[in-house]
Amino acid sequence: QVQLVESGGGLVQPGGSLRLSCTASNSEYGYNLEYWAIGWFRRAPGREREGVSCISRSGGTKDYADSIRNRFTISRDHAKNTVDLQMNNLKPEDTGVYYCATARGHCEGSLKNGERDYVSWGQGVQVTVSS
């Protein structure tokens with residue numbers, strides 16, 4: 001089973017930026033992220049985990065939650081075996097633990113379907129937006 005690892009979290013002031021990265025820690029065993037559509041989720045304090053963004057296997061299809069649209073950008077690099085989430089103009093309500101996950105199928109519709117459309121999850125990385 002693929003093992004996902006997130007990195008790039010931290011503390012940032014409102015209006016600032018962070019870039020999260022997701023990779024497979026066991027890629028030497030043949031687990032390559034290009035085999036799956038990948039999603040980013042987050043869990044804010046006291047709230048359920050919610051879908052933030054997803055990207056298709058080819059990278060040609062991307063989807064975003066309304067709350068972060070036009071502020072966050074998802075991308076993938078097959079050569080580096082990574083899926084990144086560039087987060088700009090961060091707000092305090094973006095605070096939470098961010099997770100990447102492999103999709104059961106396609107990116108389309110998976111954010112609305114939520115966790116049941118995703119299989120393997122990373123441990124998460126903390127993002128805190130505060131002055």
Side-chain angles (χ1 to χ4, degrees):
Q1 184 176 357
V2 64
Q3 296 174 1
L4 302 180
V5 177
E6 303 92 344
S7 61
L11 172 64
V12 64
Q13 293 185 343
S17 298
L18 284 174
R19 189 177 183 89
L20 304 183
S21 188
C22 174
T23 191
S25 64
N26 55 350
S27 59
E28 67 270 26
Y29 298 107
Y31 292 103
N32 193 310
L33 294 188
E34 69 178 315
Y35 300 151
W36 299 279
I38 300 293
W40 280 97
F41 286 71
R42 69 184 180 189
R43 189 193 303 274
R47 300 185 64 177
E48 295 184 353
R49 190 155 53 184
E50 63 173 349
V52 173
S53 182
C54 67
I55 189 168
S56 63
R57 290 178 59 185
S58 70
T61 298
K62 304 174 184 180
D63 197 13
Y64 298 95
D66 290 340
S67 60
I68 57 86
R69 197 178 300 275
N70 298 320
R71 297 190 295 121
F72 292 9
T73 302
I74 193 169
S75 61
R76 67 189 308 162
D77 187 325
H78 289 318
K80 294 181 179 179
N81 198 26
T82 58
V83 174
D84 290 351
L85 186 68
Q86 177 67 41
M87 306 186 296
N88 297 330
N89 190 22
L90 283 161
K91 303 176 181 181
E93 52 263 42
D94 295 319
T95 294
V97 180
Y98 284 70
Y99 305 85
C100 63
T102 58
R104 294 184 186 278
H106 300 292
C107 168
E108 295 92 328
S110 66
L111 293 183
K112 292 182 179 180
N113 291 336
E115 296 183 15
R116 65 177 184 267
D117 270 19
Y118 287 81
V119 181
S120 297
W121 295 80
Q123 292 298 308
V125 63
Q126 178 69 43
V127 171
T128 302
V129 185
S130 176
S131 55

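Just so you know, these numbers come straight off a predicted model, no measurement behind them.
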- Is Val5 reachable from Ile38 through a run of hydrophobic residues whose side-chain heavy atoms are each under 4.5 Å from the next? no
- Scan Leu11, Asp94, Leu85, Leu90 and name whichever one has a side-chain contact (heavy atoms from CB on, under 4.5 Å) with Leu18. Leu90
- Name all residues meeting the side chain to side chain donor-acceptor pair (under 3.5 Å) criterion together with Thr128; count only those two or more places apart in sequence or in a different chain, and write none if there are none. Gln126
- Item | Arg69 CZ: over 12 foreign heavy atoms closer than 6.0 Å | yes
- Item | Between CG on residue Asp117 and OG on residue Ser110, distance to nearest 0.5 Å | 6.0 Å
- Note on the structure: To the nearest 0.5 Å, atom CZ of Arg71 lies from atom CG of Asn88 at 9.0 Å
- Kindly indicate whether the side chain of Val2, heavy atoms from C-beta on, has any atom under 4.5 Å from the side chain of Trp36. yes
- Query: So, the side chain of Arg76 versus the backbone of Ser56: is there a donor-acceptor pair under 3.5 Å, distance only?
  - Reply: yes
- Item | Results of side chain to side chain donor-acceptor pair (under 3.5 Å) for Thr102 - residues two or more places apart only | none
- With Gln86 as partner, the option from Ser75, Ser21, Ser17 fulfilling side-chain contact (heavy atoms from CB on, under 4.5 Å) is Ser17
- Only counting residues at least two apart or in another chain, list the ones meeting ring-ring contact (aromatic ring centres under 6.0 Å, His included) with Tyr98. none
- Message: Working to the nearest 0.5 angstrom, can you tell me the gap between Tyr118 OH and Leu111 CG?
- Response: 5.0 Å
- Query: About how many Å separate CD of Gln123 and CD of Glu6, when rounded to the nearest 0.5 Å?
  - Reply: 7.5 Å
- Query: So, for Phe41 and Trp121, is the gap between ring centers shorter than 6.0 Å?
  - Reply: yes
- Would you say Asn81's side chain and Thr23's backbone share a donor-acceptor pair under 3.5 angstrom? no
- Salt-bridge present (Glu48, Arg43; N to O < 4.0 Å): no
- Charged N-O contact under 4.0 Å between Glu115 and Arg49: yes
- Message: According to a hydrophobic-cluster definition based on side-chain heavy atoms being under 4.5 Å apart (Ile, Leu, Val, Met, Phe, Trp, Tyr only), do Tyr99 and Ile74 belong together?
- Response: no
- Side-chain donor-acceptor pair under 3.5 Å between Ser120 and Gln1, yes or no? yes
